[in-house]
Amino acid sequence: MLRETVIAAREQALSKDLFLRLTEHFIHDHGYRPGNSEVKSWERSLPALLNVLLEAGLDDVQVLFEYQLPLTSKRADAILAGVHPKTGEPSYVVVELKQWTNPEPDEDDALLCWVDGYSRPVLNPIEQVRGYCDYLAYFNGALSFNPDRIAGAAYLHNATEFGISGLYAVEQSQRGRLFSEERRGLFVEFLQSRLAPLSGATAADELLAGKIGPSKQLMAVAAREVRDREEFVLLDEQRVAYETVMRAVHRASRADHKEVVVVTGGPGTGKSVIALSLLGELYRQGRSALHATGSASFTKTMRKVAGTRKREVQDLFKYFNSFMTAERNGLDVLICDEAHRIRKTSENRYTRAEHRTGKPQIEELIDAARVPVFLLDEHQVVRPGEMGSLKEIRDAAAAKNLACQEVSLDSQFRCGGSDAYLRWVVRLLGLEPGGPVDWEPDDRMKLHVVDSPQEMEEFLQERRDEHYSARMSAGYCWKWTTKYEAGQPLPADVVIGDWARPWNVYGDRGTAGAPPAALWATDPAGFGQVGCVYTAQGFEYDWSGVIIGPDLVWRGDDWITERAASKDPVFRKSTPDKDVNQLIRNTYKVLLTRGMVGTVIYSTDAETRAKLRELVGAQETTPMAVTTA
């Protein structure tokens, strides 16, 4: 993010310094260089906006370029900060810039549009900028009690009114206005109605200092989302995914039609938020829809939280193996969340003989609904036999001659919205080429390396005392005692030196004050037990403590996976070493991407700790000295 006055930014744009500075800030914030197309869009669009602001006499208004929305990697092109001409209060205008000339609205849904050069529909810019305003009003403390201070506009500076006439099918509002170059005069008037020709420095300070609201904990709001439409603000690709599914449902209801929708995205891109938004809307419309996952923890938590008052709400949440005998196309929609956990078949030792058909689980799920929806992240496969890949779903749909629509989610909301942190994790673990890189601290994610599990636990407890949520998790490197007397303290299986803590509860019933496994990540009483990947996957908390066990150690210039050090019972002798290597690395990627505010890492191996210290740097290795509030 870069901050300048309008007049200073215009001078820098003329000398090209503005775009060099934006590039430098982008690299620092995200850990990689912006693409050529992005730099060209700055060079073409930002001068157009600055010229309009100068024409409006707003020389001293502050511009926040490439402003990153709180707790997400999504960026607004520009936020104008100034003083309202009537109230004298701080006033803000979010501006989305487009170089489009002739966008066409989607035939079935005005909220989507088609643009030359894009292979898929994108969100109408009126709705896009409105979503940014709504999101900021919810998450930034400077606006949460003053929501009228923010307005939004999309400026298509290359477009004529004729060229964008179809976009006006979407209703406009103060937070969602649309201006073409032909309506430049009206754009000037709009800006003057929201911003006075005065310094915007104080208003910009207030917005940047605004306390960021806590992340909406998915489980805590699920009840109202499903029952009463608690509003999640879906942004850009999230909204496109939502509208894509709803269009498919509409087509299916009008004719004998069936199609598959796949939504892909990494951790924290909002897949489960989309799933809940869809389920809530479909449920309110009276359509037959179910939510299914392959995760016992996720499903049981959703049943408990979302179905507290209504049993029928609990029944909306199923498992992937619940559809072996389902009526063909008996549902309008089946939402398959965490679809990367789909298994080869639904059969297990309890399956009745007449149901042992060997039918692939993917086929069962596709057959169960007119619109089966799959939300997945292929890099979160952590067990042998999990096979919910994009290719598998495509192939299964093609075999049935079904259309398969795909939406990719790029922006992420986990890890404080820090793209740089997620890239650091995947490079650290060798899940992307190039090897580990040094961590460059940003203002979105904290990262610490500690010398002992005691230090980790003490630090996390201090964060809990500050009202953050926190959990400790570890690689599956210690035996897990699964049988113990009810009411007795959990066995302290995770032993590191003279520090010992229990794994989270094994099973569906809590004991001695510890919650059942499915609620470990969401019940505050889960702190004090060590979670594994199967209880942590799909959840998030503010601070994450991760113990890297002896199954993954750094030697020389690369990672070594020690399968003999893993106690995970899912690894059989028949599981190839190559698969075990990948699954162990995927496991630590999951564990390292649970935190929303910060991550604390400890390795049981001295050489590995030394490598982590080298990468993270001295400024981040003494967490007690860091202010986190």
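By convention here, the first residue in the shown sequence is residue 1. All heavy atoms count here, side chains included; hydrogens, waters and symmetry mates do not. All values reported here derive from a predicted model rather than from experimental measurement.
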Test side chain to side chain contact (heavy atoms under 4.5 Å, CB included) applied to [X] - qualifying residues, sequence neighbours left out:
{"X": "Ser408", "answer": "Thr264, Asp410"}
{"X": "Glu562", "answer": "Val553, Ile560, Ala565"}
{"X": "Glu66", "answer": "Leu22, Glu38, Trp42, Arg75, Asp77"}
{"X": "Arg609", "answer": "Tyr602, Ser603, Ala606, Arg613"}

According to ring-ring contact (aromatic ring centres under 6.0 Å, His included), who are the partners of [X], at least two apart in sequence or on a separate chain?
{"X": "Phe65", "answer": "none"}
{"X": "Tyr32", "answer": "Phe26"}
{"X": "Trp478", "answer": "none"}
{"X": "Tyr476", "answer": "Trp480, Trp503"}

Taking only residues two or more places apart in sequence, or in another chain, which ones meet [X] in a salt bridge (Lys or Arg N to Asp or Glu O under 4.0 Å)?
{"X": "Arg21", "value": "Glu4"}
{"X": "Glu206", "value": "Arg149"}
{"X": "Asp493", "value": "none"}

Within residues 547-558 or reaching into it, pairs that qualify as salt bridge (charged side-chain N to carboxylate O under 4.0 Å, His left out) - sequence neighbours excluded
Arg555-Asp605, Arg555-Glu607
